[in-house]
*Asks:* 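I'd like to ask you about the structure that follows.
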Amino acid sequence: MPVIRSLSKVAKQALLSPPGCGCQPLTMAVRTISFSPRQITSDASFHSVSFSETDHPKVLITGGLGQLGVGLAKLLRKRFGKNNVILSDIRKPPNNVFHSGPFIYSDILDYKNLREIVVNNRITWLFHYSALLSAVGEANVALARSVNITGLHNILDIAAEHGLRLFVPSTIGAFGPSSPRNPTPDLCVQRPRTIYGVSKVHAELMGEYYHHRYGLDFRCLRYPGIISADSTPGGGTTDYAVQIFHDAIKSGKFECNLRPDSRLPMMYIDDCLRATLEVMEAPAESLSMRTYNINAMSFTPEELAQELMKQMPELELTYNIDPVRQAIADSWPMNFDDSNARKDWGWKHDYDLPELVQTMLNYLGVETRMAQAS
């Protein structure tokens, strides 16, 4: 109720503002009392700009300094040109990211700022990566609700108003303990027990609703646990599968916070980013749904450690179970059924567990030697 009173007060003030004050009472009123995308005048015509209608899409990535944003920007800049892909976040980027291509400050909770960015840069594709992940979200539910849900509403309205092609990632966390776990299909019961999972189910449903109600070109992939060598873990339940490589190389020891038999679907980041680009480029008529599972492999901490010990037999592995993360893992899928993605738009992964381990060790080993040399 405080929110409603606040919105009513703002709307009233806008409507009572004297002429010439520079206010826009009509726009303010629509924003505060309606959940539909801006209610544009009846003669306006917005539609999604398809890939074939422009030389290249103009891309904005929100939450771009997370695990996936920097890698996605690099991939998209190779394909569409450096200046056609804008990375954004509320944090200061490291020098190498800042100098690699356009970067701007963007707060997804600031609707006006977001709208200005989209308009001023003629954005046509938007990748919305801003979110608090599972374990971090449970530690600050209010912030997770604000970022993951309120921020999404801003993105949806702006994307619908300006005819953007919108990608919002979902997650294995969008399922819960009542979902079938092995395998988990695209369509089934979803009753997650984390604010992260709840917010992602909300994103899936809202995106699909905007697609059917307003024609928004919404596309969504449910990611498994994503493993990458060039980013630090961001507070997710599957982060052990990244941290184990860093610790193995640095100290030869790793303490896992999940049980050794906790099976979860996983994917190497290169496969994840390629899948994201492929689904965005897929013709709309080839998509039988707007939210797809994607998968590459499924393993337990014990199986990952055994594969890693083939290369590093001296690795010392211990377990110190985090009850919060373990409860989350126990409610998530053990394996994803991604047959619809493979059938509709030709999804196919490249990295299995042996390739994943070798790639991670090669990357981090080179990185470690370079750091030691410098």
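Values in this document were obtained by computation on a predicted structure and should not be read as measured data.
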*Asks:* Would F336 and I172 count as a side-chain contact (heavy atoms from CB on, under 4.5 Å) here? Give the steps.
*Replies:* CA-CA 8 Å; F336 259 165; I172 54 175; 3.2 Å; yes

*Asks:* Please, which pairs that meet salt bridge (Lys or Arg N to Asp or Glu O under 4.0 Å) have at least one residue in residues 309-318, sequence neighbours excluded?
*Replies:* E307-K310

*Asks:* So, D89 side chain and S106 main chain: donor-acceptor pair closer than 3.5 Å or not?
*Replies:*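 A pair under 3.5 Å: no.
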
*Asks:* Given 3.5 Å as the limit, does a donor-acceptor pair link the side chain of S130 with the main chain of G63, or not?
*Replies:* yes

*Asks:* Testing the basics here: between L87 and A73, what is the closest heavy-atom pair and its distance to 0.1 Å?
*Replies:* CD1-CB, 3.8 Å

*Asks:* Hey, are the side chains of D270 and D350 touching, using non-hydrogen atoms and a 4.5 Å cut-off?
*Replies:*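 No; the side chains remain at least 4.5 Å from each other.
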
*Asks:* Hey, what do you get for NZ (K58) to CG (N84), rounding to the nearest 0.5 Å?
*Replies:*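 If I round to the nearest 0.5 Å, the distance is 5.0 Å.
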
*Asks:* Do the non-hydrogen side-chain atoms of F103 and S88 ever get within less than 4.5 Å of each other?
*Replies:*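 No. Closest side-chain heavy atoms not under 4.5 Å.
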
*Asks:* List the steps and the verdict of side-chain contact (heavy atoms from CB on, under 4.5 Å) for Y240 and S262.
*Replies:* CA-CA 11 Å; Y240 85 87; S262 301; over 6 Å; no

*Asks:* Could you go through E302 and R263, starting from their C-alpha distance and side-chain angles, then the distance that decides it, and tell me whether this counts as salt bridge (charged side-chain N to carboxylate O under 4.0 Å, His left out)?
*Replies:* CA-CA 9 Å; E302 184 176 27; R263 182 173 301 280; over 6 Å; no

*Asks:* When you group the ILVMFWY residues by side-chain heavy-atom contacts below 4.5 Å and let the links chain together, are V136 and V198 in the same group?
*Replies:*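 Different clusters: V198 never reaches V136 through Ile, Leu, Val, Met, Phe, Trp or Tyr contacts under 4.5 Å.
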
*Asks:* Examine the side chains of R145 and H202 and answer whether a donor and an acceptor come within less than 3.5 Å of each other.
*Replies:* no

*Asks:* Do L132 and I90 sit in one hydrophobic cluster, given that two such residues count as connected whenever their side-chain heavy atoms are within less than 4.5 Å of each other, even indirectly?
*Replies:* no

*Asks:* Please report the closest heavy-atom contact between I226 and V242, naming both atoms and the distance.
*Replies:* O-CG2, 3.9 Å

*Asks:* Measure the acute angle between the ring planes of W125 and F80, then classify it against the limits of 30° and 60° as parallel, tilted or perpendicular.
*Replies:*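 Correct class here is perpendicular.
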
*Asks:* Is a donor on one side and an acceptor on the other found under 3.5 Å between the side chain of R165 and the backbone of R219?
*Replies:* no

*Asks:* Please determine whether a side-chain nitrogen of the Lys or Arg among D157 and R115 lies less than 4.0 Å from a carboxylate oxygen of the Asp or Glu.
*Replies:* no

*Asks:* Do Y214 and Y209 have side chains that approach each other closer than 4.5 Å (heavy atoms only, starting at C-beta)?
*Replies:* yes

*Asks:* Just wondering, do K112 and D110 contact through their side chains at under 4.5 Å, heavy atoms?
*Replies:*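 Of all side-chain heavy-atom pairs linking K112 with D110, at least one is under 4.5 Å.
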
*Asks:* Do other residues, nucleotides or ligands put more than 12 heavy atoms under 6.0 Å from N95 CG?
*Replies:*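 No.
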
*Asks:* Are S228 and Y363 close enough that a side-chain donor and a side-chain acceptor fall under 3.5 Å?
*Replies:*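 Absent: no donor and acceptor within the cut-off.
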
*Asks:* For a quick test of reading the model, state the closest non-hydrogen atom pair linking N293 to D186 and the distance between them.
*Replies:*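 Where N293 meets D186 most closely, the heavy atoms are N-OD1, 2.6 Å.
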
*Asks:* Might you point out which heavy atoms bring M309 and L317 nearest each other, and give the distance in Å?
*Replies:* CE-CB, 4.2 Å

*Asks:* Please lay out, stage by stage, how K250 and D247 fare under the test salt bridge (charged side-chain N to carboxylate O under 4.0 Å, His left out).
*Replies:* CA-CA 5 Å; K250 290 179 181 178; D247 290 359; 6.0 Å; no

*Asks:* Are F98 and L65 linked, directly or through other ILVMFWY residues, by side chains that come within less than 4.5 angstrom of each other?
*Replies:*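 The answer is yes; both residues are in one hydrophobic cluster.
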
*Asks:* Relative to each other, are the rings of Y268 and Y351 parallel, tilted or perpendicular (30° and 60° limits)?
*Replies:* tilted

*Asks:* Is Y196 linked to V141 within one hydrophobic cluster, defined over Ile, Leu, Val, Met, Phe, Trp and Tyr using a side-chain heavy-atom separation of less than 4.5 Å?
*Replies:* no

*Asks:* Determine whether a donor-acceptor pair (N or O, by modelled atom type, separation under 3.5 Å) exists between the side chain of N257 and the backbone of D322.
*Replies:* no

*Asks:* May I ask you to test the T62-F127 pair for a side-chain heavy-atom distance under 4.5 Å?
*Replies:*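 Not touching, per the 4.5 Å side-chain cut-off.
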
*Asks:* Is R259 close to I321 at the side-chain level, that is, under 4.5 Å between some pair of heavy atoms?
*Replies:* yes

*Asks:* Verify salt bridge (charged side-chain N to carboxylate O under 4.0 Å, His left out) between E204 and K200, making sure each step is shown before the conclusion.
*Replies:* CA-CA 6 Å; E204 294 175 14; K200 286 302 184 181; over 6 Å; no

*Asks:* To the closest 0.5 Å, what do you measure between CG (L258) and CG (L264)?
*Replies:*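 Atom-to-atom, L258:CG and L264:CG are 7.0 Å apart.
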
*Asks:* Taking salt bridge (Lys or Arg N to Asp or Glu O under 4.0 Å) as the definition, give me every residue that meets it alongside R193, ordered by chain and number, with sequence neighbours left out.
*Replies:*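 By the salt bridge (Lys or Arg N to Asp or Glu O under 4.0 Å) rule, R193 matches no residue at all.
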
*Asks:* Using modelled atom types and a 3.5 Å cut-off, is there a donor and acceptor pairing between side-chain atoms of T300 and backbone atoms of E303?
*Replies:*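 Yes.
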
*Asks:* Residues two or more places apart in sequence or in another chain: which of them pass salt bridge (Lys or Arg N to Asp or Glu O under 4.0 Å) with K78?
*Replies:* none

*Asks:* Shared ILVMFWY cluster between I104 and Y111, side chains joined below 4.5 angstrom?
*Replies:* yes

*Asks:* Without swapping roles, check the side chain of S298 against the backbone of M334 for a donor-acceptor pair under 3.5 Å.
*Replies:* yes

*Asks:* I need the T291 OG1 to H211 NE2 distance, nearest 0.5 Å.
*Replies:* 10.0 Å

*Asks:* Counting the benzene-type ring for Trp, do Y292 and W347 have ring centres under 6.0 Å apart?
*Replies:*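 No, the ring centres sit 6.0 Å or more apart.
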
*Asks:* For the backbone of S199 and the side chain of N148, can you confirm whether one donor and one acceptor N or O come within less than 3.5 Å of each other?
*Replies:*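 No, N148 side chain to S199 backbone: no donor-acceptor pair under 3.5 Å.
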
*Asks:* Counting only heavy atoms not in Y319 (residues, nucleotides, ligands), do more than 12 fall under 6.0 Å from its OH?
*Replies:*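 More than 12 within 6.0 Å, yes.
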
*Asks:* Is there a donor-acceptor pair under 3.5 Å between the side chain of R290 and the backbone N or O of F218?
*Replies:* yes

*Asks:* Scan D337, N335, D338 and name whichever one has a side-chain hydrogen bond (donor to acceptor under 3.5 Å, both in side chains) with N295.
*Replies:* N335

*Asks:* Checking N121 against L60 for the side-chain contact (heavy atoms from CB on, under 4.5 Å) test, could you report, in this order, the C-alpha distance in whole Å, the side-chain angles of both residues, the deciding distance, and whether it holds?
*Replies:* CA-CA 9 Å; N121 294 282; L60 174 67; over 6 Å; no

*Asks:* Evaluate the side-chain contact (heavy atoms from CB on, under 4.5 Å) criterion for residues I155 and L114: first the C-alpha distance (whole Å), next the side-chain angles of each, then the deciding distance (0.1 Å), finally the verdict.
*Replies:* CA-CA 8 Å; I155 292 292; L114 276 174; 4.0 Å; yes

*Asks:* Within a strict 4.5 Å, meaning less than it, do heavy atoms of the L273 and L72 side chains meet?
*Replies:*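 Side chain of L273 against side chain of L72, heavy atoms only: contact under 4.5 Å found.
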
*Asks:* Might you point out which heavy atoms bring G137 and I195 nearest each other, and give the distance in Å?
*Replies:*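 Minimum heavy-atom separation between G137 and I195: O-CG2, 3.5 Å.
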
*Asks:* Is any side-chain heavy atom of P185 less than 4.5 Å from a side-chain heavy atom of L187?
*Replies:* no

*Asks:* Distance from C256 atom SG to L304 atom CG, nearest 0.5 Å?
*Replies:*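 Result: 8.5 Å between the selected atoms.
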
*Asks:* Can you tell me how far the CG atom of L166 sits from the CG atom of L156, to the nearest 0.5 Å?
*Replies:* 6.0 Å

*Asks:* Set out, in order, the CA-CA distance, both residues' side-chain angles and the distance that settles side chain to side chain donor-acceptor pair (under 3.5 Å) for D344 and S288, then state yes or no.
*Replies:* CA-CA 7 Å; D344 286 1; S288 64; 2.4 Å; yes

*Asks:* Measure from the side-chain N and O atoms of S179 to the backbone N and O of F175, and report whether any donor-acceptor pair falls under 3.5 Å.
*Replies:* no

*Asks:* Rounded to the nearest 0.5 Å, how far apart are SG of C188 and CZ of R191?
*Replies:* 10.5 Å

*Asks:* So, does D352 use its side chain to make a donor-acceptor pair with the main chain of E355 at under 3.5 Å?
*Replies:*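 Checking the backbone N and O of E355 against the side chain of D352, no donor-acceptor pair under 3.5 Å is found.
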
*Asks:* Minimum heavy-atom separation for C220 and P169, please, with both atom names.
*Replies:* SG-C, 4.3 Å

